[in-house]
Each structure stands twice: as structure tokens, then as C-alpha cells.
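Every chain is numbered from 1, with letters handed out A, B, ... down the list of sequences.
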Protein chains: 2
Amino acid sequence: MERLEKYYNQIKNSPVFYGMNDEELKGLLECFNARVRKYEKEEMIIRQGDMISNIYLILDGAVNIEKDSYWGRRIIISRLGKNDNLALSFVGSKDVESSVDAITVEDTLVLILGYEKCTSMCQNACVRHKVLINNLFQILSKENIELIQKIENVSQKTIRDKLMTYFSNEAQKNHSNTFSINFNRQDLADYLNVDRSAMSFELSKLQKEGFIKYDKNHFELLS
Amino acid sequence: MERLEKYYNQIKNSPVFYGMNDEELKGLLECFNARVRKYEKEEMIIRQGDMISNIYLILDGAVNIEKDSYWGRRIIISRLGKNDNLALSFVGSKDVESSVDAITVEDTLVLILGYEKCTSMCQNACVRHKVLINNLFQILSKENIELIQKIENVSQKTIRDKLMTYFSNEAQKNHSNTFSINFNRQDLADYLNVDRSAMSFELSKLQKEGFIKYDKNHFELLS
DNA sequence: TTATTTTTGTTGTAAAAACAACAGAAATGT
DNA sequence: ACATTTCTGTTGTTTTTACAACAAAAATAA
């Protein structure tokens, strides 16, 4: 059991608890029976079919949201990192089981909040709860928009278009033409939903033709 | 201007206002400056780049959420109908403009709620607001899960797999092996992100091979 | 009704992707 | 440092898709 206090500041500044003062936060953490848990690399935090009643907040590390297509192919739906939430939508939808796996890609520290327990207890009384649900609403909004962007991404027709759309988005996020990505080649392929070797080939073609430059996981958009 | 009262019962039973009594609902509708608007077929309700500050609830009709890929190809992200919400995620994310178009596919009736106006007015006072935001949170959760499902769908590698995944989902929704779909062939192709003629070809192949039977827009899953 | 427009299915061809197999590079462990 | 494992790029082959062109069917309008 990790000590919660160590991460107190980070927790306080996470979107989940945005706008709360120390007292409110403390009360809420207690009410939620908050605890910190460490997951090893490649460990499953959530698996398909699980009923989710906790809110998971990544304190440190990285997590893949994945789905195994029934003929064995892996689909990476998203890659989450520090301060991201896990499977929030399955908390919001009552009686819906998770349709995805959440798997760590490295050693990962997670804050776990017993959402259900708290909401059933403090139903209407808890004032903090109002701020919280507002925050959750906004977080979900953002996730939603990112999912739409991902749909746009994988909906491109050629591997080249998928790559360039992805790179554009990353560059925009980074406010720069250069950026590093978290994915290795296989992961990127699974994220963009293409064959790895074909993608590798397309990458070097893009470089030869002068559209991009890259060294390992560092990329530069030219033109 | 359509009369709001006419749709009062429907509005009351929509997920947005779930769990509210008449008094609360009436107050909220007033606070939101609620109004009903009719859109003609193929009319744009929202277009890419719009700032969204209203909640849109479809009372009757059908709406496509679309995106034009920059090389002219149309992507249908989702098809919405009665009691569905439009672009809710863009309301939740402040200062984010819509990345999609919302276009009616037939004459459509929409309830429009001035979300921003209301929230700024009744900030903390309004009790009804708490129920509302809770509902919105759940609606967004559901949308989120559906988007994930759509990602899974378009992430299948062959046209056949996309079709069968889509059909399975539709059958499940309908609790039956037979179901009708809303899409015409071109729309379905744009939704599954494949070429229409190739899809048509695959459909008849699936029928010849005995996996499905179909007549126009009515389908049956065999085996 | 007939004419016109829209939708759907079919085919052949060209383009792109998946797949498999492998070699070199990089990372990891001992 | 060395051996071993993992990751990445390259190539040829097969499969699948997109695209274009067209005919048949269905829906719509006159």
C-alpha cells in the first residue's frame, strides 16, 4: 500500500478534483475510500467483462485501452498517461460491463476511488459531490472528443493518410513541428489499425519523399 | 415556432430530464429558454467550427454526425434519432469548437436548450441543475461506449468483418436475428468506411454463402 | 401513366494492404 | 563484453480494396 499523502499535490491538481479546496478534497478522498495501487508492466487493471465501480486516476505510468478482435488481432483504442482517467464511461453507465481491457505498458501508479460506495452513501447531502460530477462531465466530454478524433484518424483510407493525420494531431498537441511519440512501431500500427511492416515501409517512403524526418520515436513534420 | 407543450410528455421522458418531476422540469425549461425548432431534410444543425452552447435534443427525425475528410470523402460518425442528444460533448468542453457536422437526413424536430445561459445564471442555487448534470454525465457515458464500439467496428480489417460486426451489434440491439437498418447503401458504406460498390458486392457474397439474408434494408443473420 | 432521377448490384482493372520471411539494429540481461 | 531477445526495416507474394463504368431496379416527379 503506497502512501497517499505523497501524491496529494498531484491529486489536488488533477482534473477530477479541479476547483476543490483542501478540506473538500480530503473529505472526498475519505468518502471514496481512496487508495493508491501500483501495477507492474503488462498488468491488467481492467478486463473485458468487468463491472466497473471505481474511478481510476493514473498518477504515473502509461496504460493502453485495448480490445482483442475475435480473430486475435489487437486494437489499441487509446494510450493514457499521467492524470488521465480509466474507463470512466463504464462507471457512468450503470450495469454496463467493460468492453475493453486496460493494460499497463510500464510500471504504473493508480489512484482508486470507490465511486459507487460514496455516491450511495452521500447521495444528496455531499456538496463536494456536485463539483465532482461537474468535473467528471467535463472529463468525459474531452474523452468523447478524443474518441471522435480517433475515429477520424482510423477512417483515413491509406496508411499514409492515417500516419499524416496522426502526426498532424500530435504536432498540434505539442505546438511544434517536432514531437516524440510514446508508441513503438507495433503499438502505433495497432493504434492506426494497419500492418506494422507496411507502416514501416510507408514511414521510410514518407521520409524519402521529404514529408517527414524521424529518428526512432522522434518525428519532424516538414513542408 | 413550434409549440413546446405538444412535446411535453416526450421531453419529460427523455434521458436528459430523467427523474424530474413536473415542477422541476418546467422550471428548467424556462431557465434554459427552451424552444422547439424544425429543420428540413439535409439541413445543417451544427457545422464544423461552431461553438456550441446549446443542448440539442432530437424530438423526431434523424441526424447524421459527419466529418468531411480533407480529400472530400465523407465519414459518418454516427446516426442519431429520437431522444438522442447532439454534440453534447462540445457543450461540456468549454471553448472547444465542434469538429463535426450535424446534418438532418429527413425533416427533424429539435428541442434547443440554452445551456450556457442557464448555468451562468443559476450557478449554485439551482437544485434541478444537479439532477440534470447527473443525467448528462450518464448520457455522455453511453455515447462514449458507443463511440468505442464504433471504433471496434471500423477497425475490422475486411469489409466482410466490418459488415458482420455491424450486423451482430444491430441484431443484439434488436434482440433478434432480424432487423431493419436506417442507412441506405451509400450511408452504410460511409459509416463502415468502405467503398459502396465493394460493400454491395460483399453483401451479395455473404448472402450467396448463406451467412445472411436481406431484402432492401431488412436483414437476417443466419447460422 | 411515362419520364427522370436516385439507388443498388455487377464486373474488370489498378492500387494498396496484409502477410510472411528475413536481416540488421537496438535493447536487455548476465 | 557477450549472448539473447526484442524491435525495426525491407522485400516479394497474395489478398483485398478502391475506383470507374455501366446496367438494372426502385423511387420520385410530372
Side-chain angles (χ1 to χ4, degrees), chain A residues 40-42 62 64 69-76 79 105-107 153-166 180-209 211-219, chain B residues 40-42 62 64 69-76 79 105-107 153-166 180-209 211-219:
Chain A
E40 313 235 306
K41 184 177 175 181
E42 317 250 284
N64 273 348
S69 115
Y70 93 118
W71 179 214
R73 229 162 44 95
R74 178 177 72 149
I75 300 167
I76 296 183
R79 160 75 53 98
V105 284
E106 60 192 55
D107 288 3
N153 208 326
V154 298
S155 296
Q156 300 300 320
K157 58 179 173 317
T158 65
I159 294 182
R160 169 171 295 218
D161 288 345
K162 287 182 186 181
L163 281 169
M164 291 309 281
T165 305
Y166 173 73
S180 292
I181 67 173
N182 257 334
F183 289 131
N184 64 25
R185 296 291 188 270
Q186 183 62 62
D187 285 352
L188 181 56
D190 288 345
Y191 180 77
L192 295 179
N193 214 37
V194 296
D195 177 70
R196 181 197 59 76
S197 66
M199 188 190 75
S200 254
F201 183 63
E202 196 62 42
L203 275 175
S204 34
K205 227 167 74 179
L206 278 167
Q207 182 157 241
K208 269 179 212 140
E209 295 175 22
F211 292 107
I212 62 172
K213 274 210 307 210
Y214 63 93
D215 179 48
K216 294 176 190 165
N217 288 344
H218 189 75
F219 290 82
Chain B
E40 313 235 306
K41 184 177 174 180
E42 316 251 283
N64 273 348
S69 115
Y70 92 120
W71 180 213
R73 230 163 45 93
R74 177 178 73 149
I75 300 167
I76 295 183
R79 161 76 53 98
V105 284
E106 58 190 57
D107 288 3
N153 208 326
V154 296
S155 296
Q156 301 300 319
K157 59 177 173 317
T158 64
I159 294 181
R160 169 171 295 219
D161 288 344
K162 288 182 185 181
L163 282 169
M164 290 310 279
T165 305
Y166 174 72
S180 292
I181 66 175
N182 258 334
F183 289 130
N184 64 25
R185 295 292 187 271
Q186 184 63 62
D187 285 352
L188 181 57
D190 288 345
Y191 180 78
L192 295 180
N193 215 36
V194 296
D195 177 70
R196 181 198 57 79
S197 66
M199 188 190 75
S200 252
F201 183 63
E202 196 63 42
L203 275 175
S204 32
K205 227 166 71 178
L206 277 168
Q207 181 156 242
K208 269 179 214 141
E209 296 175 20
F211 292 107
I212 62 171
K213 273 210 308 208
Y214 63 94
D215 179 48
K216 293 176 192 169
N217 289 342
H218 189 75
F219 290 82

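The side chain of Asn184(B) has dT7(C) as its nearest neighbour among dA27(C), dT7(C), dT17(D). Among dT17(D), dT11(D), dT8(D), the nucleotide with an atom closest to any side-chain atom of Thr158(B) is dT17(D). Closest to the side chain of Asp195(B), from the set dG9(C), dC19(D), dT17(D), is dC19(D). When distances run from any side-chain atom of Phe201(B) to the nucleotides dT11(C), dG9(C), dC19(D), the shortest one goes to dT11(C). With dA27(D), dT8(D), dG9(C) as the candidates, the nucleotide lying closest to the side chain of Tyr214(B) is dG9(C). Distances from the side chain of Lys157(B) to the nucleotides dG9(D), dC19(D), dA18(C) place dA18(C) closest. Distance from the side chain of Arg185(B) is smallest to dT8(C) among dT8(C), dA18(C), dC19(D). For Glu202(A), counting side-chain heavy atoms from C-beta on, the closest listed nucleotide (dC19(C), dA17(C), dC19(D)) is dA17(C). Listed nucleotides dA27(C), dC19(C), dT11(D) differ in distance to Lys216(A); the shortest reach to its side chain belongs to dA27(C).
The backbone N or O of His218(B) sits nowhere less than 3.5 Å from a side-chain atom of Asp215(B) that would complete a donor-acceptor pair. The backbone N or O of Lys216(B) sits less than 3.5 Å from a side-chain atom of Arg185(B), completing a donor-acceptor pair.
Residue Lys205(B) contributes atom NZ, which lies 11 Å from atom C1' of dT17(D) at whole-angstrom precision. Taking atom CG of residue Leu163(A) and atom P of nucleotide dA17(C), one finds them 10 Å apart after rounding to whole Å. Atom C1' of nucleotide dA18(C) and atom CD1 of Ile75(A) are separated by 16 Å, given to the nearest angstrom. The nearest whole Å value for the distance from the CG atom in Asn217(B) to the C1' atom in dA25(D) is 14 Å. One atom, CG of Asn193(A), and another, P of dC19(C), lie 11 Å apart when rounded to the nearest Å. Following rounding to the nearest Å, Arg160(A) (CZ) and dA16(C) (C1') show an atom-to-atom distance of 12 Å. Protein atom CZ of Arg196(A) is 11 Å distant from nucleotide atom C1' of dT6(D), rounded to whole Å.
Ser204(A) comes within 4.0 angstrom of the backbone, heavy atoms only, and of no base. No engagement by Leu203(A) is indicated, since no non-hydrogen atom pair under 4.0 Å with the nucleic acid exists.
The number of heavy atoms from other shown groups lying within 6.0 Å of CZ (Phe201(B)) does not exceed 12.
A salt bridge does not link Lys41(A) to Glu106(A): none of the charged nitrogens lies less than 4.0 Å from a carboxylate oxygen. Under the 4.0 Å criterion applied to side-chain N and carboxylate O atoms, Arg73(B) and Asp190(B) are not assigned as salt-bridge partners.
Below the 3.5 angstrom threshold, one finds no donor paired with an acceptor across the side chain of Ser197(B) and the base of dA18(D).
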